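Accompanying notes for the structure given below.
Because the structure is predicted, anything quoted here is derived from the model rather than measured. Sequence lines set the chain letters: A, B, ... in the order given, protein chains first and strands last, and positions in each chain run from 1.
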Amino acid sequence: MSLDNHEELQKFIDLSEHYRTYLDEHDHSRPDGRKFHQSRSVQILDSLLQHSYGSSMIRFGNTTVICSITGQLTKPSLKSLRSGFIQTVVLLPRTQAWSTYGRRQQIINENLTLSQHLLDIIYKSKLINLEDLCIEEGKWVWRLQIDFQCLNNDGNLFDSCLFALNIALRHTSFPTVKIDPDTQKPLVYTKELIPFQYNHEQEPLCCTLAIYEYEQEYRFLIDPTVEEENIAKSILHYVLLKNDQICLIHKTSGAPFSIEKFHQCYSLARDYILQLRRKLNQ
Amino acid sequence: MTETLSEMTENDESIFSSLHCILSPISKATGSATFTLNDSLCTCLLNGPGELRQQQDAINRLQVDITFQARPGSNNTNSTSTKDKLIEQWLETLVHSTVLTEHYPRSQINIVIYEEQNLSGEATILACLCNTLCLTMLDANLPMKYAFAAVPIILHPTKGLLALPKTKDELASTTYFVFVFEITLNETLAMHASGEFDMKTLEQAITIAKPIAGQIFQFYRQELEKRLS
């Protein structure tokens, strides 16, 4: 990165101080021009990959995520003969590792935590029922592979991945599979596509808030960029379902919170997610 | 160690029967602790501030390296290695925010925390891990801003909100909360909640959890007094 001007140098030495001076000078607006509670513009593109059963590409400002849903036929486990499998994998290409070696390991860890969060949300919100993935009990089930390729990480991967998942699921269609009665082998009719059965009622969407201490007060930055995530004292994820019930709250340690702050964040999250839902249903 | 699953009454003594602890079970480590919460048992060991092995970016503060090992072969359908990473990252933020990391520049601490037994669900094990971690850091005499304690709470479909749930109740419910409180009990340091609930339930859960956290802090004090006497 170029260190020729004063601003870049200041950013490199102490990102938090740079951010604070920026907020002071520019009347409480963040470096990308937003206010604390403003989110970035969202761009949606669906069904772009021809070889996946469902796909979508989401851009939250600069953060770009491609979600692709594919399936494989497999035998179910002996523990539950009617359930399929779901695996979520979040991949961040090595080009995003712009810093030292230690940072790369941290990026890999972040991907794994994100993959696990997404899988938890799918199970807890009952978005996809494992029994729907069954083709023939005890013999053949679908193994759903949900991949998220992050082309550019500018913060807030959680929201974008979950949003991409919702869009991709709407446009997913699986080929019909019939079991040949003579050979007991599955026959896949790739031309006969049926739209994927999932729980349309639950649309889990996430709001990520970065908690930053400014002027002796905790400010909640909605939709943080990667710089804001680095300087934040803690990060709060709220995942809400369609009926405004909360599916997941995950708060990392750093900024102690009282109950009122949780309520404040909940109302911020609710408004933000309402906006997202409108985008989703367009 | 005998476990007695006594009934949860208003009596202060009752929760101490579901908590057990051994300090410094591993003598070679700088600090270690084994902690039991109902049916979950965890051990944690800490190797105190030492030299930074790699060229990492912790130039002006302590570098924390946490490894969490789940019990291999446990029958949870949802446990994968990625879940371990999630727990590690969460615990790392806890350590960073409570330990005075500015006091040890260019140093590294290694924490290995492993789950020895977990018969109940995710809430108890998460809370057990947090408490074990706190006891280990207290045992290792790391300078901390405050001690912390985690309380698991579940939302049972018929019995409502239960704190420090018993195994049978926990396995019957899908919604759980884990709150980490600091010692003045005014504020929540961290939390992890999963399932389906609303803000009112969350508020009730926090109010139930605070007195339990107070008792857990009393338990820490008792255990440390035993060691020092």
field: Atom pair CG/OG1 of L189(B) and T252(A) - distance to nearest 0.5 Å
entry: 10.5 Å
query: Going by the angle between their ring planes, with limits at 30° and 60°, are W90(B) and H250(A) parallel, tilted or perpendicular?
result: tilted
- request: Taking all non-hydrogen atoms of both residues into account, name the closest pair between E203(B) and I259(A) and its distance.
  value: CG-CG2, 3.5 Å
field: Side-chain touch S253(A)/F148(B), heavy atoms, less than 4.5 angstrom
entry: no
Minimal non-hydrogen separation, C247(A) against F197(B), with atom names: O-CE2, 4.4 Å
statement: Value for CZ (F257(A)) from CE (M191(B)), rounded to nearest 0.5 Å, stands at 10.5 Å
- prompt: So which part of L241(A) gets closer than 4.5 Å to some heavy atom of chain B, the side chain, the backbone, both or neither?
  reply: side chain
task: Please state whether the side chain, the backbone, both or neither of Q202(A) comes within less than 4.5 Å of a heavy atom of chain B.
output: side chain
- prompt: For A193(B), does its backbone N or O pair with a side-chain atom of K251(A) as donor and acceptor, under 3.5 Å?
  reply: no
field: D120(A) side, atom CG; K83(B) side, atom NZ - distance, nearest 0.5 Å
entry: 3.5 Å
message: Need one label for L94(B): side chain, backbone, both or neither, based on atoms under 4.5 Å from any heavy atom in chain A.
response: both
task: Enter the distance from I249(A):CD1 to L202(B):CG here, rounded to the nearest 0.5 Å.
output: 5.0 Å
message: For Q89(B) and Q116(A): C-alpha separation, side-chain torsions, deciding distance, then whether side chain to side chain contact (heavy atoms under 4.5 Å, CB included) applies.
response: CA-CA 12 Å; Q89(B) 294 289 86; Q116(A) 184 59 38; over 6 Å; no
- prompt: chain A heavy atoms under 4.5 Å from H96(B): which part of the residue, side chain, backbone, both or neither?
  reply: neither
- request: State, to 0.1 Å, how close Q245(A) and D198(B) come at their nearest heavy-atom pair, and which atoms those are.
  value: OE1-CB, 3.3 Å
query: Which residue out of L240(A), D244(A), I246(A) racks up the most heavy-atom pairs below 4.5 Å with chain B?
result: I246(A)
message: For Q117(B), is the CD atom crowded, meaning more than 12 foreign heavy atoms sit under 6.0 Å from it?
response: yes
task: Return the minimal non-hydrogen interatomic distance between S258(A) and E187(B), and the atom names on each side.
output: N-CG, 4.1 Å
- prompt: Looking at side-chain heavy atoms only, is the closest gap between M199(B) and H263(A) below 4.5 Å?
  reply: yes
Gap between atom CG of D84(B) and atom CG of L112(A) - 0.5 Å precision: 10.0 Å
query: Using non-hydrogen atoms only, which part of F85(A) is less than 4.5 Å away from chain B: side chain, backbone, both, or neither?
result: neither
message: Heavy-atom cut-off 4.5 Å, strictly under: side chain, backbone, both or neither for Y176(B) against chain A?
response: side chain
